[in-house]
Each structure stands twice: as C-alpha cells, then as structure tokens.
Amino acid sequence: MKVVGQELPRVEILEKVTGQSVFGADVSPAGRVLHGKMVRSPHPHARITAVRTEGAERLPGVRAVVTAADLPPVHYGNFVRDEEYFARTKVRYVGDRIAAVAAVDEETAEEAARLIEVDYQVLPAVTSGPEAMAPEAPVIHEDHADYWAQPSVENRRGNVCGHKQIMRGDPERGFAEADRIFEHRFHVPMVHQTYIEPHTVLAQFDASGKATVWVPTQAQFPLRAAIAQILRMPMTKVRVIPTEIGGGFGGKISPTIEPAAVALARKARQPVRIVMTRGEDFQGSNPRHPFHLRYKTGVRLDGTITAREIELVLGTGYSAGSGVMISQGAAVRAPGPYRIPNLRIDSYCVYTNTPTCGAYRGPAGPQLTFASESQIDIIARELGIDPVEMRLRNAFEDGDETPAGARLEDVHARETLRKAADVMNERPRPAGENIGRGLAVAHWLVGGMASSAGVKLNEDGTIGILTGVVDLSGASTSLAQIAAEVLGVSLDDVHVRTADTDFAPHSTISAGSQALKSMGSAVLLAAREVKRQIQQVAADKLEADLGDLELDDNKVFVKGSPERAVSLREVGHLALEHERGPIVSTQSVSRLVPHPAVAAHAAEVAVDPETGHVRILRYVAVQDVGTAVNPLSVRGQIEGGVMQGLGQALSEACTFTDGKMDNPNLLDYKIFSALDAPAVETHLIQHPCASGPLGAKGVGEPPIIPPPAVIANAVADAVGVRIHDLPITPEKIVRALKARRQP
Amino acid sequence: MTAEPIRITVTVNGESFREEVPATRSLLDFLRDDLGLTGTKEGCSEGECGACAVILDGRLVDACLIFAAEADGRSVETVEGLADGEELHPLQRTFAAAGAAQCGYCTPGMLMACKSLLDRNPSPTREEVTHGIAGNLCRCTGYGTIIQAVMEAAKES
Amino acid sequence: MRRFHYLAPRRLDEALSLLTPDAVPLAGGTDLFLRMERRQTQPDAVVDLKRIPDMDRIEPSDGGLRIGALAPMESLAASSLIVNGYRALAESARVVGSIQTRNRATIGGNLANASPAADTATPLLALGATAEAGRVDGSRELPLEQLFLGPGRTALESGELLTAVRIPAMPGRTGSSFQRCVRTAMDIAVVNCAAFVKLDEDGAVEDARIALGAVGPTPLRALSAESCLQGRRFDADAAAEAAECAAHDARPIDDVRASADYRKDMVRVLTRRAVENAFQRARGEA
C-alpha cells in the first residue's frame, strides 16, 4: 500500500500549529453574544422547596433566566429515562442543574446566578456504590420503578438501576476442580477525562424556531436528538455544528450545558455562550465510573484457571447515563483476555449522589484490568510460576468465545504479550534495591456503529470526503489515507470535511475506538464505488475494458500499457459530459462484527521506600492494531493513552467529602506533566483484521487500560507490597511498608 | 462599586493596540475578546494548565492570571505571531511532522513555552525541554512527540 | 470577579499611601488573581507594585543579601548571589510552580500570602531572614518567624507592605539544603523542609536552624530538632535524632493532599536528608 501505512502529518495540522483552528469558545456569530451561567446545587441530595428568580430577573443586564418551569416535563436517558434537565423536586449531586442565566457580561451573569434563591431540605447522601446498595441507604430515585427503561436493563431495585449476570459453564464444579482458590477485593475511584478544553457551547435561536448549536462534541447526532428531546423540539429544528474539539476522551458525548444554552437563547432572542469553569467541569460532566471489585479465581497448580467468580459494583452517579451499558460491557470483559470455562459474573450499576459517570476512554477497562491482572500476578507468585507464563497458558485464541458467547477472531493476545515481555527483557534490570518490573495484558472489543460517508471526484481530479464524524484522534487523516489508497492519489489530493447535522450523512460517534472502523468501512465502500465510476468514464475515453483499468499517480491507465492513460482531472471534467454525470457516492455500513484489540504493557519502576515515590524507569507498550493506517497517529494514540492510564495508576482520583468533591481543580486533581511522563517504548503488532477497513483495528481505547495493573505489579515486585486501591500514591506505599514492618 | 475603564496600549506581535478595558479584564480575555486573537486558549483559568501561555516582555507567562491593565506599555507574543508571514516557525514545522499536536488545544501555549525555551537556550537537552514544558499540560500526546519536536527544531536553527 | 479600581503607582511612597484597608497590593498576581476570581478577596482597589523601579532588585547588603519583594522566583533561582551563597533558597525558588508561575510569582507574594506550604518560607527561616515592612511613616524589620500568624494571616498591619527580605551573611563552614515532598512533579509541597548548619573548626554544630512547611498553620521552626544538633558532630544518629525531634515539632493535619501521619513520616525523612545535605555542604563535600 502506498498511502495507508505511511506516517503522515494530520490533514488539519497547519491550522493547529498556527492557532487558527476554531474550537468551541472561538466561534463568533453575528450579533452580540450573551454570557450564560449555570446555577448548580451545593448539596449532594436535597429536596427543593422553592426557587426564586425575581432578584436575578430584575438585575440590569440580565436577558434571560431559565429553570425547570421553562422546560417541558421530560425525563430522558438512553437506557433508563431517569434524568430531568433542570432539577424540579430534588437535587441529586453537588452540581445538579437548578437554573441558568444569560446576561450582557460575565460579571452580571455571575451576579445574577448568585441572586437566584433556592430553598432546600437537605437529605442524607451516599457517594459510594456498596453503601448505596445497603438496605438503609437513602433512596436517590423514589420513582425508579415508573421510569421507562430498555428491556436489557434488568433487576432494578432500590438504588440498583441495573444488574447483569453472566453464567458460563459450571462455576461450582470449576472451583471444585481447582487446587487453589484466591479471592481479593479492589477499589478504583472516579477519575476525570481532563481534556484541556473545558465544556463550552454557543447557541442561537432564529425566528423560524430553529436552534443552531456550536459545540465541541464527540457525538453530534445523539446530541441533536438529546437537545430536541429535552426541549421537546422537532429534531431537525436543532442544528448541531461540531467545532474543533480540544480533547474528549468520552467526556463530550452526553449533553451537559447545551440544552440550557438553547433555552436561554430562545428566551433572550440573542446568542448565548456558556463556558464551564474548570471546577464546574470537574463536578458537572461525565467522569469515569468508580468500581468496587471482588475477584475469586480457582487455579490448578500449573496455573490453569478453572473458574472465576466476579462481582462488580459500579457507582453510576445520579442517573443511569451510559452506566448500565458500561456495566453490561464490563461483565463481558471482566475475566480478561483468557479462556476460562466456568464463570459467574455479577455486575451492578448503582445510583450515587455524584455526577453521572460517562464513557471515559476504554470504559471499565482500567478498573477491571487493575483487579484482574493484579490478581493474576498474585496467583503466579503464590504458585511460583512466571507471571508471563501463567498468562500465556490461559490466553484466549481465535475461535474462543466471550462470556456473552460471541466468537472471537483476529486474536493476537499471545504474540502481543510475548512481545511486551521480550522487549522488557532485552535489557537487564538495573542494579540496586527497590527496583521492580511488572506486566499486564488487556483487551478491548471494537464494535462498529451505523455510519455513512460521501466521496466525490472534483473536476480538478482531487477527492472530497464528506463525513459527520468528529475528528478526535486523527480520524479525518486516516479516512483520507484510505480514500487516497483506493483512488491512487496522494494525501494532499484528498479534502475531508466534517459537516454538521443538517448536511452530513449520518455518522457514528467518535468513541470506543470504532470511529475509524465504522467510518473507514463506509469511506472504503464509497471510494471503491467512486473508483468504479472513474473507471467507467475512463473506459469510454481509453476504449478499454473497465476491468483492465488501474488507478495510480492521479491517473487511470490500462494495465500493462501505462501510456494509455487519462488523468483524474480529465476524468473529473469528462464525467460532467458523460452520460453518468458527476462522480460521487455515499455509502453506509451498519453494525459491524466486534474484534478484540489487545494491549500488553510492561514497566520497570524504582520506588523510594521512605517517601513512597514511584519513578518509572522504562515503559513498554505493545499493541495489536491490525493494519496501522497511520503509524504516527497510532503511536500518538498509544503514548497518550498510556499517560492517562499512568495518571490513573499513580495520582488521579476524584475524592468526595460529604458528597462534595475535594479536588475540583488542576492543582489537586493530578494529571501527569512532562516531568512525570516516562518515555514510552511503543511496538505495533500488525496483522490485517478481517472486520476492519483495509485490516485496521481500533486503537484509542486499549492503551489506557493496562497501566494501573502494570504499575501495581511493578511496585509489588520492587518493594513487596500490593496496593489494592487506586491510585497507588506514595502515601499508600509508605503505609503498606509500615504495616508490613509492624505486623 | 463602579470603576472606570482603563485605557491601555499593548504591543501584540509587533502591532500596537490602544483599547479601553475594565480593570477586571484578564490579559487572556483581552487577547481573545478585545483583539480577536483566539489562538491563545483558556484551559483552567487557574494558572495550572498553560493553555494560555504567552510571552510578555520576553518572559513566558499564563495570560489567565494577569490583568490586561498590567500589560499596559508592554509587549506580548502569541501563537499568531509565531510564523513569519507564510514562513512557519521551525517549531511549527517540527510539531506538525512529529505529531506533537493531536487535539491541538494545548498547542498554542505549548508552542509559546517551547519558543520561550529556545529563545533562552537554543540547544537544550531533553531534560531541559521537559522542564521547559512542565507548566503546559497536554492530555493527548504523552509529551514524547513534543519533546522530540523541540529537539528537532533546536537542531534546525 | 467584583469590579475594582486598578492603580499603578510609580513610587513606593505613593503605593504606601494608596494601601488603604480596602486596597490590596498586587505583585505577581498568581495567587491574588485567583482569590479575586473566586471572590475570596473583594478589594475596592488593587495597587500594582510592578511599576515601582528597583523593587525587584537582589543586592548585597550588610555582608548579607537584600531581596526586593518584587523579585520573581525565576530571578531568585538564577541569581548567582543566591545560587552560590544560599543554596536552599535557590533550590526552593526553582520548584515553585511552572516557569510561567516563576516568571510572575514574587518572593514578597510567596511570603505575604502566608501559605503554610510556601516553598521559599522554609529556607528563609532556616537562613535567619528578616522581613522589611514599609509604611507611609517609615519602616520596620521583623524576624521572619514573627511575620506568619496563620494561614493567610501575617503580622503586617493595615497600610504596611512587605518591601524586602534580608538574609544575613553566610560565613565559611555553613551549609543549607531544601527538600520537599510532592504528589506529582508540578505540585504544592505536601511537606517541605530546609536545614541550615554552621560548623565550628572541629566540625561540631555551632548553629543549626531547621524549618518545616505544610505541617502547621504557618511555616515553622523545628526548635527541638535544632537544639538536638547543637554541639554535635555529624553522624547518622545525629541526623536521625534531629529528624525524630522535627517530627515531634510538626503539627500537621489531614487534607486532600496527604494525611497528618504521612506528613509526620515525611518530616522525618526530609529533615534527615536536609540535615545530611547541609552538613555535607558545610564541609564543602556537596
């Protein structure tokens, strides 16, 4: 392949390095833009007895105030309709939406927000999943049973908004066959995507009743539907225009401030912009689910796993959001990339008085893998088996099934795992004490969603691609590379445009590592159809058989006689005169077969046993990526994913006291800076994948998954203490070392 | 209380601007809202992320924690002034080639941090680069490609 | 942010006359801006000190050093006077926030904010610094220990401004060291510690000062640790005993950054390391 597989700069890179890219807050429409501000609950759980807006409405410069009274009584939610946009009777987390104001400037908007008076009757709150499951726990949704829910959402009761159980084989017999049984509990706290661009929106409402919404979103079509549903507007009266997006990582899928901005713009008849403060973003968006996990594993003395019993409790926050789906998916991936004949998995999705968690990159992955891969290491050490050998012994292969019964193909778990171990072992361990190595392996299942894309030949011989998918991680470049490959042109000859909901063909969301798979498949089909049309026009011109024509170097030529050629530019012109007309095709794909994508990572760390500080000396990331359409992008995804995963391993956590987040700022929510970041030794395992476009696999999710387990295993190797509760802070290491010294 | 707007004169990327601003206006909002230079980004307004980094009288600063009035009579460099007309700054070229910008939101501030570093230290070590960008958070790249891009730009010039 | 008057005097006496009870001085602004944004401080007027000439000078004075309150951290870290003579201070200035912050944040601001975790406060306490407070009708000098009253509270009276810091001369056989403990590289100190020792001709401690940060309502001197070192020669036991005493002197609390227990443990570790390092330096070994 000539273009696919090349390390090419992103198609939009020049705008990005010159500051010309238009991100959410950079949009400027006609007309004076009002400043919007949300009014949010200071209580994690309280009954609302009164909301008074008069003071705010009377303040000079205030143009609109909206509350639940301005919105239709709509309950929404994709899986359980348990959410109201503005709280009506109860607030359920610190940050719950009460009202929004729009004013001529920021100071006035802030002042107006302060003038809105709310009377609360404070209720007891619960922020942890297991506590919320206790019989005496305060009930977060009293009308739970009355909410509409998808049929797949099972066993709803109390604060449990979904319970998925998977049984495979005979767990009881599996444990009976085991020589040893191990049982451990783990905890992973909530973490936040911490994209550098906070949530922001600009909304305009025109005389025909149409709302235009500029927003950095990963999911323009679902967002359009959600805004329309919440405001009870016809869907096509909402136009969502996706801007350049300053990082999403799953945090910019669900609606946050957009419906408020539209409601304000409608009432004020003026455009309204809302920009979340960093603190608001930490408390009012969709972070990663906290998990409590129990893993019970039966093994033979040779390391063969005979059974696993897994219990997952995921705190979803004040509404089900995507939590039910994520808890169901978690059940399927919980056993790890292993062939385990006997399984019992219970996954509970539980309401808590916290923000509703969303789909942070690789949802549930780091939590499950931290628990599962920590335990595999513990078991291997107990049995005296090499941890890599134990994993290889149990690793799944082509033809194995997921716990849900789906057959797996294109599995490269063993090769990926071996490579990570080999790369780490290439260099000897440095001399010195308190240095250790750890490894973990994980998989992600890359699905595919209904998508369409258009490809056309321009009259000058260049190619245009029209999509509705937001470029989050280099998708536009990769799509252009796929079209360029099929049509025999260079990347510079392909122009990609992400259009808005009014004009773009329906496209998938940019999430779950499936954007390239879904959209790439649609672009591939459309490019192939465009190629056929080009051949059709060229065949007439060259008086050749359509089947004898090849495309390369911006030309169509007869196989074997390259001098019989016509340029794409000429074909572009000829087509307009030709009976077939302009060359263009829009193609669609529907749900695609999921494929596994495996990541195996290894780390070498040095621990200061006095302070507990962990220094990462080496970090190896190996990933099974199918065909790397753009290795530069792929490596970039892997290195970035690793760093987020390492943050979750060592320093990141949203912590709560009395229902209020302790650290809603970048000083105390610790993401990695350049000084914390190790160099990543990245290696790609490339075998074309049957279900991906030109063999590509999804790459964005897997790299974030192994790091917490890798670090836990490396720390245990270095200083002999095992941390079961993320993040692995210096303080926890020191405490564990002290506990070991004073039994 | 009311407070009179302040008249300030600030040189931005070599061009002098005379504007009236309220005292509460940050240098960041002044650049973005008053001058329409939206290349400089707001990431946290807490001085923690560096997305708003600009060079003020030759020193790298976070524009979110500075009042526009403090810049009166001073000179500011932003990402918009990095290229020399059509000619990209070496850092802009190496950032593009190395894949040092992914989502691109931290990129303007990151570029200014790197420029400021190379202005002070034209041939930095990897470690010096790492220290030079420590105040600029990037959530996409893991920093490796950024450090590589700076090393290459240093080699070029 | 609440609206206010911005004032930019060009002379110190003018600035002092503007510092009414409803006015706040503005130096680097890296803390003040945020406090105003969050409405924790809502002044009527902000008096920007940066237009006053020479308030950022670092100069030899009375055999020691006088550092103007407006000197930014980056200048402290780069000053050969400080790097050569007062290493603990240079080491602390080097780790205050990012380069962006160090280019703005001043020594005066770092001290006058009276944060218990202020990184330059501990080395200055260990080095025996004094604070120079100016007011319309003159100025006074007070030992740095007396400046800090509690979190965000100083002994500066209404109308008084911290104008400079003075550090005494560092004769031979002295050494200082700064140590700190953080969660990630870019962080406010979880604990910081500075040690200063002056040895006599036989290598015994003639004078020792140890200061601790983020383990009490103010940066504080570990007095029992200091007296424990008095007259002793360096050995592992001396450092360990001083560390143990320092842990008793510390009065940490639990917060989002660390527990009180961990902070006490870190006081032990950092004090021992700082004392060892200061000794080595006093003997010209490091």
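All chains are named by letter (A, B, ...) in the order of the sequence lines, taking the proteins before the strands, and each is independently numbered beginning at 1.
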Minimum side-chain heavy-atom gap A:Glu197-B:Lys41 below 4.5 Å: no
Residue A:Arg615 excluded, over 12 heavy atoms near CZ under 6.0 Å: no
Over 12 foreign heavy atoms within 6.0 Å of CD, B:Glu127: no
Part of B:Asp33 lying under 4.5 Å from any heavy atom of chain A: neither
Chain B contact via A:Ala25 - which portion, at a heavy-atom distance below 4.5 Å: both
Shortest non-hydrogen contact between A:Gly246 and B:Cys103, atoms and distance: C-SG, 3.4 Å
Flag side-chain contact, heavy atom, 4.5 Å: A:Arg635 against B:Thr145: no
Worked verdict on A:Glu107 versus B:Thr24 for side chain to side chain donor-acceptor pair (under 3.5 Å): CA-CA 9 Å; A:Glu107 286 79 10; B:Thr24 51; 3.1 Å; yes
Check against side-chain contact (heavy atoms from CB on, under 4.5 Å), A:Val17 and B:Arg93: CA-CA 8 Å; A:Val17 297; B:Arg93 284 203 307 274; over 6 Å; no
A:Phe672 backbone acceptor or donor facing B:Tyr143 side chain under 3.5 Å: yes
Contacting moiety of B:Gln92, where chain A heavy atoms sit under 4.5 Å: both
Part of B:Leu91 lying under 4.5 Å from any heavy atom of chain A: neither
Top of A:Ile13, A:Asp26, A:Val22, A:Leu14 for chain B proximity - count of heavy-atom pairs under 4.5 angstrom: A:Asp26
Non-hydrogen atoms of A:Leu666 and B:Leu137 that approach each other most closely: CD1-CD1, 4.2 Å
Interface moiety of A:Thr277 toward chain B, non-hydrogen atoms closer than 4.5 Å: neither
Aromatic ring proximity A:Tyr195/B:Tyr105, centre distance under 6.0 Å: no
Chi angles and distances behind the side-chain contact (heavy atoms from CB on, under 4.5 Å) call for B:His131, A:Leu675: CA-CA 7 Å; B:His131 280 270; A:Leu675 284 169; 3.6 Å; yes
Contact leader toward chain B among A:Gly641, A:Gly636, A:Pro9, A:Gly247, where contacts are heavy-atom pairs under 4.5 Å: A:Gly636
Distance, nearest 0.5 Å, that separates NZ of A:Lys16 from CG of B:Leu111: 13.0 Å
Max heavy-atom pair count under 4.5 Å with chain A, selected residue of B:Ala96, B:Gly39, B:Ala134: B:Ala96
Under 4.5 Å from any heavy atom of chain A - which part of B:Ala100: neither
Under 3.5 Å: donor-acceptor pair, side chain of B:Glu80, backbone of A:Thr18: no
Residue B:Thr130 versus chain A: region with a heavy atom under 4.5 Å: both
Toward chain B, the part of A:Ile245 with a non-hydrogen atom under 4.5 Å: backbone
Exercise: identify the closest heavy-atom pair between B:Glu42 and A:Pro198: O-CD, 3.6 Å
Min side-chain heavy-atom separation A:Gln637-B:Gln102 under 4.5 Å: yes
Largest heavy-atom contact set with chain A, pairs under 4.5 Å, which of B:Ala98, B:Pro108, B:Cys140: B:Cys140
Partner of B:Glu48 by side chain to side chain contact (heavy atoms under 4.5 Å, CB included), out of A:Asn665, A:Ile671, A:Leu667: A:Leu667
Which atoms of B:Arg32 approach chain A - backbone, side chain, both or neither, heavy atom under 4.5 Å: side chain
Test item: B:Arg139 side-chain N/O and A:Gln644 main-chain N/O as donor-acceptor pair under 3.5 Å: no
Residue part contacting chain A, namely of B:Ala51, when any heavy atom lies under 4.5 Å: side chain
Among the listed options A:Ala674, A:Gly279, A:Gly640, the residue most often paired with chain B at heavy-atom distances under 4.5 Å: A:Ala674
